[in-house]
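Here the structure is laid out as structure tokens; the discussion comes afterwards.
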Amino acid sequence: MSKLTLGSYPHMLGFEQLERLLERSAKSGNEGYPPYNIEQTSDHSYRITLAVAGFAEEDLAITVEDRQLVIRGRQRDNSDGRIFLHRGIAARQFQRMFVLADGVEVGEAVMENGLLHVDLTRSRPETVVQTINIKKG
């Protein structure tokens with residue numbers, strides 16, 4: 001059985017990058033920590049909210065790498081000299097990745113009550129009509 005790719009369709013030219021993005025997002029791993037929401041806040045804006053209770057602003061890093069929004073968290077283990085009878089709150093690290101479409105830009109990030117809000121905006125593409133002249137050969 002052969003694998004269907006976007007290159008298999010002759011009328012879809014230049015969509016190889018979309019295929020790579022789909023493969024990359026499938027490989028990004030969908031672990032459940034930290035939980036997050038994605039909401040559409042207007043016709044052209046979104047907000048990603050991650051539950052990052054216990055993390056300080058300096059424990060978090062937000063970067064855009066090759067059209068991927070990457071949010072990393074690394075808590076410091078400051079249990080020096082403390083004796084825990086039960087330790088159910090672990091200081092663990094995480095990495096969440098979100099693939100961004102062309103034209104989606106990352107705005108501001110705000111920490112509020114243990115939630116990290118990252119705002120995204122999508123610019124409207126301009127409608128371009130181009131006339132191609134035909135030369136006589």
Side-chain angles (χ1 to χ4, degrees):
M1 176 164 60
S2 63
K3 177 183 169 187
L4 283 178
T5 64
L6 292 175
S8 304
Y9 299 95
H11 57 277
M12 297 184 70
L13 302 173
F15 282 92
E16 296 82 13
Q17 181 181 355
L18 177 62
E19 190 170 358
R20 285 192 297 273
L21 285 173
L22 290 172
E23 287 176 7
R24 188 176 2 161
S25 65
K27 292 178 185 175
S28 68
N30 292 328
E31 63 185 44
Y33 182 77
Y36 65 94
N37 291 338
I38 300 175
E39 60 183 300
Q40 186 170 0
T41 53
S42 75
D43 285 344
H44 299 285
S45 63
Y46 308 93
R47 174 173 268 188
I48 298 173
T49 302
L50 282 86
V52 292
F55 286 86
E57 288 88 352
E58 57 269 8
D59 297 334
L60 300 169
I62 303 170
T63 57
V64 177
E65 304 169 8
D66 192 25
R67 303 302 307 155
Q68 278 191 1
L69 171 64
V70 181
I71 303 171
R72 293 181 180 95
R74 174 178 232 124
Q75 281 183 312
R76 293 186 259 315
D77 187 12
N78 53 0
S79 60
D80 330 334
R82 294 166 45 187
I83 300 171
F84 290 93
L85 300 178
H86 172 74
R87 186 155 189 186
I89 302 172
R92 64 194 240 196
Q93 59 186 4
F94 70 87
Q95 176 173 301
R96 277 271 182 208
M97 294 188 294
F98 303 91
V99 177
L100 302 176
D102 287 337
V104 174
E105 299 296 325
V106 179
E108 68 176 0
V110 177
M111 278 280 278
E112 177 182 43
N113 299 324
L115 298 174
L116 174 65
H117 303 287
V118 181
D119 292 324
L120 309 169
T121 56
R122 182 182 65 205
S123 59
R124 290 183 173 179
E126 295 180 19
T127 304
V128 177
V129 176
Q130 185 179 2
T131 303
I132 310 298
N133 292 325
I134 302 172
K135 295 182 181 179
K136 209 171 203 176

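For the pair Arg72 and Phe94, the NZ or CZ position fails the cation-pi test of under 6.0 Å to the six-membered ring centre and within 45 degrees of the ring normal.
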Q | Glu105/Thr121 under side-chain contact (heavy atoms from CB on, under 4.5 Å): CA gap, chis, key distance, verdict | A | CA-CA 5 Å; Glu105 299 296 325; Thr121 56; 4.1 Å; yes
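In this structure, Phe98 and Ile38 have side chains that are in contact, with non-hydrogen atoms separated by less than 4.5 Å. You'll find the side chain of Arg96 reaches within 4.5 Å of the side chain of Tyr36, heavy atoms only. Using a 4.5 Å heavy-atom cutoff, the side chains of Val70 and Val64 are not in contact. Within the 4.5 Å cutoff, the side chain of Leu69 has no heavy atoms near those of the Val99 side chain. Under the 4.5 Å side-chain criterion, counting only non-hydrogen atoms from C-beta, Leu115 is not in contact with Val110. In this structure, the side chains of Ile71 and Val118 come closer than 4.5 Å at one or more pairs of heavy atoms.
The OG1 atom of Thr63 lies 10.0 Å from the CE atom of Met97; values are rounded to the nearest 0.5 Å. Here the CD-OH distance, from Gln93 to Tyr33, works out to 10.5 Å after rounding to the nearest 0.5 Å. Rounded to the nearest 0.5 Å, atoms CZ (Arg124) and NE2 (His44) are 3.5 Å apart.
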Identify every side-chain donor-acceptor pair in residues 45-58 under 3.5 Å, counting partners at least two apart or on other chains, and give the distances.
| unit_1 | atom_1 | unit_2 | atom_2 | d |
| --- | --- | --- | --- | --- |
| Ser45 | OG | Thr41 | OG1 | 2.7 |
| Ser45 | OG | Ser42 | N | 3.3 |
| Ser45 | OG | Ser42 | OG | 2.6 |
| Tyr46 | OH | Arg122 | NH1 | 2.8 |
| Arg47 | NE | Asp119 | OD1 | 2.7 |
| Arg47 | NH2 | Asp119 | OD1 | 3.3 |
| Arg47 | NH2 | Asp119 | OD2 | 3.2 |
| Thr49 | OG1 | His117 | ND1 | 3.0 |

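No donor-acceptor pair under 3.5 Å is formed between the side chain of Arg92 and the backbone N or O of Gly73.
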